[in-house]
Amino acid sequence: MSEQAARNRHRWMTLLLVIATLVVALGAVVAVVAMAGPLNQIDFLRFPLGFYLLAQGLLIGIVALAFWSTRVQERIDRKLSESEEL
Amino acid sequence: MRAASRPRQANPHLGAYYGIITSVFVSLVICLAMLEQLGWQETWLGRTMMLAPLVLYLVVALGTRTLKVEDFFASGRRVPPVYNGAVLAAVLVGGTGFFAYTGTLFFLGFDALAIGLAWTTGLLVSGLLFVPYLRKAGAYTLPAFLGQRFRSRTLRATASLLQLPSAALLLAAEIKIAALIGVMFLPVSYQLAVAAVAAMITCVTIIGGMRSLTWTASAQFIVSAVGFAVPLIIVSVLYTNLPAPQLTYGEMFEPLKRSEIVAGISPSAPGQLATALPSAQPKPSTKPFLQAFGAISQTDFLTLFLCLTLGTAALPSLLVRSGVTSSVADQRRSVAWGAFFVALFAISAPALAAFVKLLMFQDIAQSQASALPPSLKDLSAYRLVFMQDANADGTIEASELFIARDGIALALPMAARLPFVCTVLMAAAGMAVALAAAASHLFTLAGSLADDVIRLVAPRSGVLPRLVVVWVAIGASALSTGVFLALADIDVVQASISAFALAAATFFPVMLLAVWWGRCTWIGAILALGLGFATMAAKMAYGDAMVAGQFHLTMVVAALIGATLGLIGGLIASLLGPKPSPAVQAYFEELRDPASDALYDRAQRHAAAASQ
């Protein structure tokens, strides 16, 4: 793969990762807020589920997403540097 | 040919240093706890717990003093990711989050969760969209990045001016919170406390800039984490038998619901966001903790969340820390750690609010107005609550119990009848995080402005003149904020939300275009900045007139409108104008390369090599 092709691939993979991460995070928040009423009817660890998700569940998910996207991005960056060294 | 860069390694003894700092602080707490049991007066316990950590912070600041420009503005670019994450969390949460967010959770319950969620999401967005590219650019300030990205001094000067309002509002809010805590436990007036806090953060910032700020804020983060966690865990063990309040406070919901019903709190209908957020004045709690959207509507919840998310992502006081780690990958990791620490606080804060609410309302539900429980008398003595049997029925109902929003964190150990040392420990924790945030906002406000101005006026100035201008600006900014606070009264929640809204409207669109769109020109960037800021300025100038039926234009909505207008304006102006120059396009291309050193550092080395 030429250097320019590797750079283009790196750019598209990065953009895809950013969009996917943001869609998952923001989509989950909007979905939980929209469904908070019905979700609150369900008990989870003695919390109403809607409350639990907004107070803890989504936060844990977003932190996991932050570390996951960091790892994936590092892998994408490593591929670029490997192809540049070749 | 690439100029050689020197390796950047973190101090290998950092863990030992912060282990010692933690041990010193924990030892102080244990000593004070023993002295309390031996009969030491509360006054002296409070004074010692307030002042001793301040000495510790000053020692750390003195130990990290510097006269090197790279250390002063970027902490030598060798801060480990976990430490930078801790400082990011301390700056984002601040004293306002520590005291006012917990208070807002107490009053709004479910509806206030938007704030903590937005802080965490904002850091995620920032880490994905902006931070790695700012680290690659290596500019010392946000306006400097924009100036270098578009090769425009006008843009840099404009950005410098427009970041002042948000940084100034946050600085004023943090100094005020720290001063209010100081007044409660030290024999000083409010004005003197404001002056002392301003002097303290000025010293820390002048001594070593970003370097001393980073290492004192790391110590302050440890103090705040210990001080917040210890009383909360003790209360959790006392009431749920488990030292994990985040997992166990769900057990308290049934008794909490019963206490709220007995105290006369019934489900409420959502009002306008502009008036739903509690003010600093003591007021009764009127909304059940668990009721969803009882104070603000679902739409307002989402707009508040979005505004704070964008504001957090583009907050200059956080983005200014984007150049302090040793690589792009480390900087990205540090933001993930920041999100982790903020989430930890945001997960714990509702537990604190729920425990305080249960303890307070359980107490008043079980007692007569003439024989109030000692915990409420303690809270009343510190002016955290006051009661008034308005209907003279011999009991205190929720509507007759006036509670101070910013005192909820301090109310936890008092309401649970813990030893007084736990109360002052919580106060020292809040003071620590407020000082960390205030120093960072001061550095952003003054340090950045001064450096931006001197680089515009005298780009080749030497190290000392450059630092002297920054020192003067830091002193002048702290002094003017102190004078402002002594004369004017601000609500810390309103000030903070306005600051985040300003950052969202002004900086989010321009950063998005600058980092992600190569076709963006400097005219488009200026328009993106200007339109967002103009929308916020119009809201502030004519805000009360902007009501149409049920629709009330709040700062939060104005920020989202401003950000959208800025984005559209920037896009159109860039497309209609000439294409960016090849040099600007080349800089944009280099930003995408995650490897090699910061562009600013490389340019500096080339300039130094050329002058030899």
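In this text, all values refer to a predicted model and were calculated from it rather than measured experimentally. Just so we're on the same page: letters track the sequence lines, and every chain starts at 1. The analysis underlying the following values was restricted to heavy atoms, covering all of them including side chains, and did not include hydrogens, waters or symmetry mates.
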> Relative to chain B, which segment of Ala25(A) carries a heavy atom at a distance below 4.5 Å: side chain, backbone, both, or neither?
Replying inline: side chain

> If you look at every heavy atom in Phe301(B) and Val33(A), which pair is closest and at what distance?
Replying inline: CE2-CG2, 3.5 Å

> So what's closer than 4.5 Å to chain A heavy atoms on Leu302(B): side chain, backbone, both or neither?
Replying inline: side chain

> Any side-chain heavy-atom pair from Pro48(A) and Phe253(B) closer than 4.5 angstrom?
Replying inline: yes

> Measuring from Leu344(B):CG to Leu59(A):CG, what's the distance to the nearest 0.5 Å?
Replying inline: 10.0 Å

>> Report which part of Ile76(A) has an atom under 4.5 Å of a heavy atom belonging to chain B: side chain, backbone, both, or neither.
In response: neither

>> If you count heavy-atom pairs within less than 4.5 Å of chain B, which of Gly50(A), Ala34(A), Ala55(A), Gly37(A) leads?
In response: Ala55(A)

> So which of Pro594(B), Ala339(B), Ala343(B) has the largest heavy-atom pair count under 4.5 angstrom toward chain A?
Replying inline: Pro594(B)

>> Just so I understand: if I count every heavy-atom pair under 4.5 Å between each of Leu80(A), Leu17(A), Leu54(A), Val30(A) and chain B, which residue has the most?
In response: Leu54(A)

>> Is there a side chain to side chain contact (heavy atoms under 4.5 Å, CB included) between Leu117(B) and Ile62(A)? Walk through the geometry before answering.
In response: CA-CA 9 Å; Leu117(B) 191 57; Ile62(A) 287 167; 4.1 Å; yes

To see if you've got the definition right, give the donor-acceptor pairs under 3.5 angstrom between chain B and chain A.
| unit_1 | atom_1 | unit_2 | atom_2 | d |
| --- | --- | --- | --- | --- |
| Gln246(B) | O | Gln56(A) | NE2 | 2.6 |
| Gln298(B) | NE2 | Val33(A) | O | 2.8 |
| Gln298(B) | NE2 | Ala34(A) | O | 3.3 |
| Arg332(B) | NH1 | Asp77(A) | OD2 | 3.3 |
| Arg333(B) | NE | Glu74(A) | OE2 | 2.8 |
| Arg333(B) | NH2 | Glu74(A) | OE2 | 3.1 |
| Glu589(B) | OE1 | Arg11(A) | NH2 | 2.4 |

> Between Ala36(A) and Phe293(B), what is the shortest heavy-atom contact and its length?
Replying inline: CB-CE1, 3.7 Å

>> Can you tell me how the ring of Phe51(A) sits relative to the ring of Phe289(B), calling it parallel under 30°, perpendicular over 60° and tilted otherwise?
In response: tilted

>> Taking ring-ring contact (aromatic ring centres under 6.0 Å, His included) as the definition, give me every residue that meets it alongside Phe107(B), ordered by chain and number, with sequence neighbours left out.
In response: none

> Under the ring-ring contact (aromatic ring centres under 6.0 Å, His included) test, which residues partner Phe305(B), sequence neighbours left out?
Replying inline: none

> Going through the distances and angles, do Leu22(A) and Leu129(B) end up as a side chain to side chain contact (heavy atoms under 4.5 Å, CB included)?
Replying inline: CA-CA 10 Å; Leu22(A) 289 181; Leu129(B) 293 180; 4.2 Å; yes

>> Tell me every residue that passes side-chain contact (heavy atoms from CB on, under 4.5 Å) with Ala137(B), counting only those two or more places apart in sequence or in another chain.
In response: Phe145(B), Tyr587(B), Leu591(B)

